Amino acid sequence: MKTELTELPLDQVRTLLAVVDEGTFDAAAAALHVTPSAVSQRVKALEQRTGRVLLVRTKPVRATESGEVVVRFARQLARLERDARAELGMSAVGEPTRVSIAVNADSLATWFLGALTRVPAEPALCFELRREDESRTASLLREGAVMAAVTSSPDAVAGCSVRGLGRMRYLAAASPGFAERYLGGALGDALGRAPVMSFDRSDDLQDGFVRGLRRGPTGASAVRHHVPTSEGFLTSVVAGLGWGMIPEVQAGPLLKDGRLVQLAPERPLDVPLYWQQWKLDSPALSAVTEAVTATAADTLRS
């Protein structure tokens, strides 16, 4: 009796995943070819069995913290099923294996795509990349939205393994004209007042750098430009819109040809990166992991 009570019926687990993916009970019913009533009953039965509320009934619905655990399990189960079908020759001819990965914009713009080119061509893989700040990619793993992620957190998400990739070095830089106009005097004070670039509202890299230069509280610059792409961010700094922290690999050629100047050569900023992935014996995920870790070892600082 105890085993029966602790089982997670697969039809109920798959139904919960369909509701989260489709956003509504009606849409999940259509995807599963059952009635909305059947979907509702399965979700309620799963909530009773786990003793937890698994969904927030909003539009679209979203998983609770407990629901995310079940959703992650459902996605891992689906991955194992697809891998087993492929090994048994039951997959459709030419059907690629989908691998979902969360990766930060700077890695995506510099070294990560090179890693994907090192993944063997067979079996065929289809990459689904989710761009997210390295401090937040782990949340996509926790939600079960991706199978692996480049993160800045060394703490493994439940059900995941973690390994170090290396350190991405950032350099504080600006255009020569910008530096001449705004950055006279003490650098920490000048940077705190000068127009600054940010990736988005959660980007703390520039502010963190200024805090490292100054003692005590630092005020935010009155002029803060948000540019949510790595390439656009770099172009904006070169154009003189503001100063910013640029990945070393991007800044190097521009410093050499004089389009950028480094503001504090003695104070580079290193951000450690980690690879987190589901603990699955998946050939597809293993192939990607091997390529990513090898490329990171060649590209990032140890």
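These figures come from a predicted structure and were not determined experimentally. Residues: numbered from 1 along the sequence shown.
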Query raised in the report: Do Arg79 and Thr97 pass the side chain to side chain contact (heavy atoms under 4.5 Å, CB included) test, and can you show the C-alpha distance, the side-chain angles, and the key distance before you say yes or no?
Result: CA-CA 9 Å; Arg79 167 57 50 203; Thr97 299; 2.7 Å; yes

Report task. Indicate the atoms forming the closest heavy-atom contact of His225 with Pro195, along with that distance. Result -> NE2-CB, 4.5 Å

Query - Polar side chain donor-acceptor pair, Arg163 to Thr293, under 3.5 angstrom - result: no

Query raised in the report: More than 12 non-hydrogen atoms from neighbouring residues, nucleotides or ligands closer than 6.0 Å to CZ on Arg57, yes or no?
Result: yes

Query raised in the report: Looking at side-chain heavy atoms only, is the closest gap between Leu17 and Leu77 below 4.5 Å?
Result: no

Report summary line: Those residues at least two apart in sequence (or on a different chain) that pass side-chain hydrogen bond (donor to acceptor under 3.5 Å, both in side chains) with Arg14 are Glu81

Report task. Decide yes or no on salt bridge (Lys or Arg N to Asp or Glu O under 4.0 Å) for Arg49 and Glu7, but give the supporting numbers first. Result -> CA-CA 8 Å; Arg49 182 173 290 271; Glu7 287 178 349; 5.1 Å; no

Query raised in the report: Which pair of heavy atoms, one from Ser175 and one from Val261, lies closest together, and at what distance?
Result: O-CG2, 4.1 Å

Query raised in the report: Would the number of heavy atoms belonging to other residues, nucleotides or ligands and lying under 6.0 Å from CZ of Arg118 be above 12?
Result: yes

Query raised in the report: Do Val227 and Leu234 share a hydrophobic cluster (ILVMFWY, side-chain heavy atoms under 4.5 Å, transitive)?
Result: yes

Query raised in the report: Considering only heavy atoms from C-beta outward, does the side chain of Val99 approach that of Glu128 to under 4.5 Å?
Result: no

Query raised in the report: Judged by modelled atom types alone, do Asp106 and Tyr170 share a side-chain donor-acceptor pair under 3.5 Å?
Result: yes

Requested in this report: For the pair Arg72 (side chain) and Gly159 (backbone), establish whether a donor and an acceptor sit closer than 3.5 Å, ignoring hydrogens and angles.
Outcome: no

Query raised in the report: What residues, two or more places apart in sequence or in another chain, satisfy salt bridge (charged side-chain N to carboxylate O under 4.0 Å, His left out) together with Glu68?
Result: none

Query raised in the report: Does the side chain of Thr229 reach to within under 4.5 Å of the side chain of Arg131, using non-hydrogen atoms?
Result: yes

Query raised in the report: When you check the side-chain N and O atoms of Thr64 and Arg52, is any donor under 3.5 Å from an acceptor?
Result: no

Query raised in the report: Is there a path from Val288 to Val162 through hydrophobic residues (I, L, V, M, F, W, Y) whose side chains come within less than 4.5 Å of each other?
Result: no

Query raised in the report: What about Val249 and Ile246, same hydrophobic cluster or not, with Ile/Leu/Val/Met/Phe/Trp/Tyr joined at side-chain heavy-atom distances under 4.5 Å?
Result: no

Query raised in the report: Any sub-3.5 Å donor-acceptor pair from Gln276's side-chain atoms to Val157's backbone N or O?
Result: yes

Requested in this report: State, to 0.1 Å, how close Ala63 and Gly67 come at their nearest heavy-atom pair, and which atoms those are.
Outcome: CB-C, 3.8 Å

Report task. Please determine, by modelled atom types, if Ser107 and Asn104 share a side-chain donor-acceptor pair under 3.5 angstrom. Result -> yes

Query raised in the report: Quick one: are Phe25 and Leu55 in side-chain contact, heavy atoms under 4.5 Å?
Result: yes

Query raised in the report: Going by distance alone, is a donor N or O of one side chain under 3.5 Å from an acceptor N or O of the other, for Ser198 and Arg224?
Result: yes

Query raised in the report: Within the distance-only criterion (no hydrogens, no angle test), does the side chain of Thr295 pair as donor or acceptor with the backbone N or O of Val292 below 3.5 angstrom?
Result: no

Requested in this report: Only counting residues at least two apart or in another chain, list the ones meeting side-chain hydrogen bond (donor to acceptor under 3.5 Å, both in side chains) with Thr289.
Outcome: Trp275, Gln277

Query - Partners meeting ring pair (Phe, Tyr, Trp, His ring centres under 6.0 Å) with Phe112 (sequence neighbours left out) - result: none

Query raised in the report: Cluster question for you: counting only ILVMFWY and a side-chain heavy-atom cut-off of under 4.5 Å, with indirect links fine, are Phe199 and Val210 together?
Result: no

Query raised in the report: Tell me, do Leu191 and Leu213 make a side-chain contact under 4.5 Å, heavy atoms counted?
Result: yes

Query raised in the report: Should the pair Arg75-Asp21 be classified as a salt bridge under the 4.0 Å nitrogen-to-oxygen rule?
Result: yes

**Report entry** Note, Asp204 side chain near Arg211 side chain (heavy atom, < 4.5 Å)
**Finding:** yes

**Report entry** Donor-acceptor under 3.5 Å (Arg167 side chain, Asp270 main chain)
**Finding:** no

Report task. Can you sort out the partners of Arg130 under salt bridge (charged side-chain N to carboxylate O under 4.0 Å, His left out), two or more places apart, ordered by chain and number? Result -> none

Query raised in the report: Hey, does Leu16 have a side-chain heavy atom less than 4.5 Å from the side chain of Leu54?
Result: yes

Query raised in the report: Heavy atoms, side chains only, cut-off 4.5 Å: are Leu273 and Glu134 in contact?
Result: yes

Query - Residues, nucleotides or ligands: over 12 heavy atoms within 6.0 Å of Glu65 CD - result: no

**Report entry** Residues, nucleotides or ligands: over 12 heavy atoms within 6.0 Å of Arg62 CZ
**Finding:** no

Report summary line: Phe178 and Gly240 have their tightest heavy-atom pair at CD1-O, 3.4 Å

Query - Pairwise side-chain hydrogen bond (donor to acceptor under 3.5 Å, both in side chains) hits with a residue in residues 24-46, at least two apart - result: Thr15-Arg42, Ser37-Gln41

Requested in this report: Consider only side-chain heavy atoms of I, L, V, M, F, W and Y, link residues closer than 4.5 Å, and tell whether Val146 and Leu80 are in one cluster.
Outcome: yes

Report summary line: Separation between CG (Leu129) and CG (Leu113), nearest 0.5 Å, reads 7.0 Å

Query raised in the report: Counting only N and O atoms by type, is there a donor-acceptor contact under 3.5 Å from the side chain of Gln206 to the main-chain atoms of Ala172?
Result: no

